[in-house]
Amino acid sequence: MAAENGTTVEIEGPLKELLQINSEISVIVDQLVDEEATLHAKYELKKAPLYKKRQHVIENIPKFWLTCLEKHPVITSLIEMEDAEAISYLKNIEIQRSTANPINYKIVFIFGENPYFENDRLVKEFDFSDKGNTKVINHAINWKEAMDLTALAKKSEEEEGSDDFSENEDSSFFCWFNDENGSELADLIANDLFPNADMYFVDNDLSDDEETPVFELAHSDDEDEEAINGNVSDEDVEGAPAAKRAKRS
């Protein structure tokens, strides 16, 4: 209830209607986001020959991909000092998209001979065909003796019962290749770092002309209840955008 000019104004009913309408709008926004993601993936597949051409240039730039990873504002926080030493042998990153459904892809890290593992490729596969049920295929890293950078994290997982590598203080970037999901980091690599690699390398701030990405539109039942009861401050109302979506070239 709210009082204005001595008259009690009923707002509970209208607010419920507004929330219902907003819920219906959110469904359309979700459809838009899905269609944009599909369209983005389609055109990323079309760029594949140009990315191969780009790689020929990158091969002449020492530690190109390590530099990109360390300059990415999110990914850099996942890279420890020893990780960086191993990643310094990284020669190329490939995003191998399915021609049947380009939204599905493999992330492939291609390495030169190194003292850490036998693999020349580290691979992680993602199938997003069934929304809300991402299928992930991990490929094992064959670590050389006493060089397993994920060993300490594995020990912590066993002791603490946590399998979220991003929340493990002993974690290594390479734990992601064994993570049961890891789709958020995959999205950053495939749809941000990889297509914008040259800009990250030269340290252009991609956020200058873009809003900070918000990946989902959602509100809790508690927030709905606060809105219905009128417990929303003027500051909250003025500072709340209708929606935010971010996309990169």
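The residues of the chain are indexed from 1 along the displayed sequence.
- Put simply, the side chain of L122 reaches to within 4.5 Å of the side chain of F174, judged on heavy atoms.
- Side-chain atoms of K131 and D34, non-hydrogen and from C-beta on, do get closer than 4.5 Å to each other.
- In this model, no donor atom of one side chain and acceptor atom of the other lie less than 3.5 Å apart for N178 and T150.
- Taking the side chain as every heavy atom from C-beta outward, E125 and H139 approach each other to under 4.5 Å.
- Panel note: side chain D83, backbone F173; a donor-acceptor pair is recorded below 3.5 Å.
- Counting non-hydrogen atoms of other residues, nucleotides and ligands closer than 6.0 Å to CD of E113 gives a total of 12 or fewer.
- I58 and F194 fall within the same hydrophobic cluster, defined by Ile, Leu, Val, Met, Phe, Trp and Tyr side-chain heavy atoms under 4.5 Å apart, directly or through other members.
- Counting heavy atoms from C-beta outward, T76 and K71 have side chains that stay 4.5 Å or more apart.
- D148 and Y116 are not linked by any side-chain donor-acceptor pair at a separation below 3.5 angstrom, with hydrogens and angles left out of the test.
- With F177 as reference, F109 is the one residue of F117, F109, W143 to meet the ring pair (Phe, Tyr, Trp, His ring centres under 6.0 Å) rule.
- When side chains are defined from C-beta on, L66 does not count as touching L90, because their heavy atoms never get closer than 4.5 Å.
- Annotation: side chain of W65 is not in contact with side chain of S88 (no heavy-atom distance under 4.5 Å).
- Counting non-hydrogen atoms of other residues, nucleotides and ligands closer than 6.0 Å to CD of E59 gives a total above 12.
- Ion pairing between K135 and D130 fails under the 4.0 Å rule for side-chain N and carboxylate O.
- For K144, the NZ atom counts as densely surrounded, since its 6.0 Å shell holds more than 12 non-hydrogen atoms of other residues, nucleotides or ligands.
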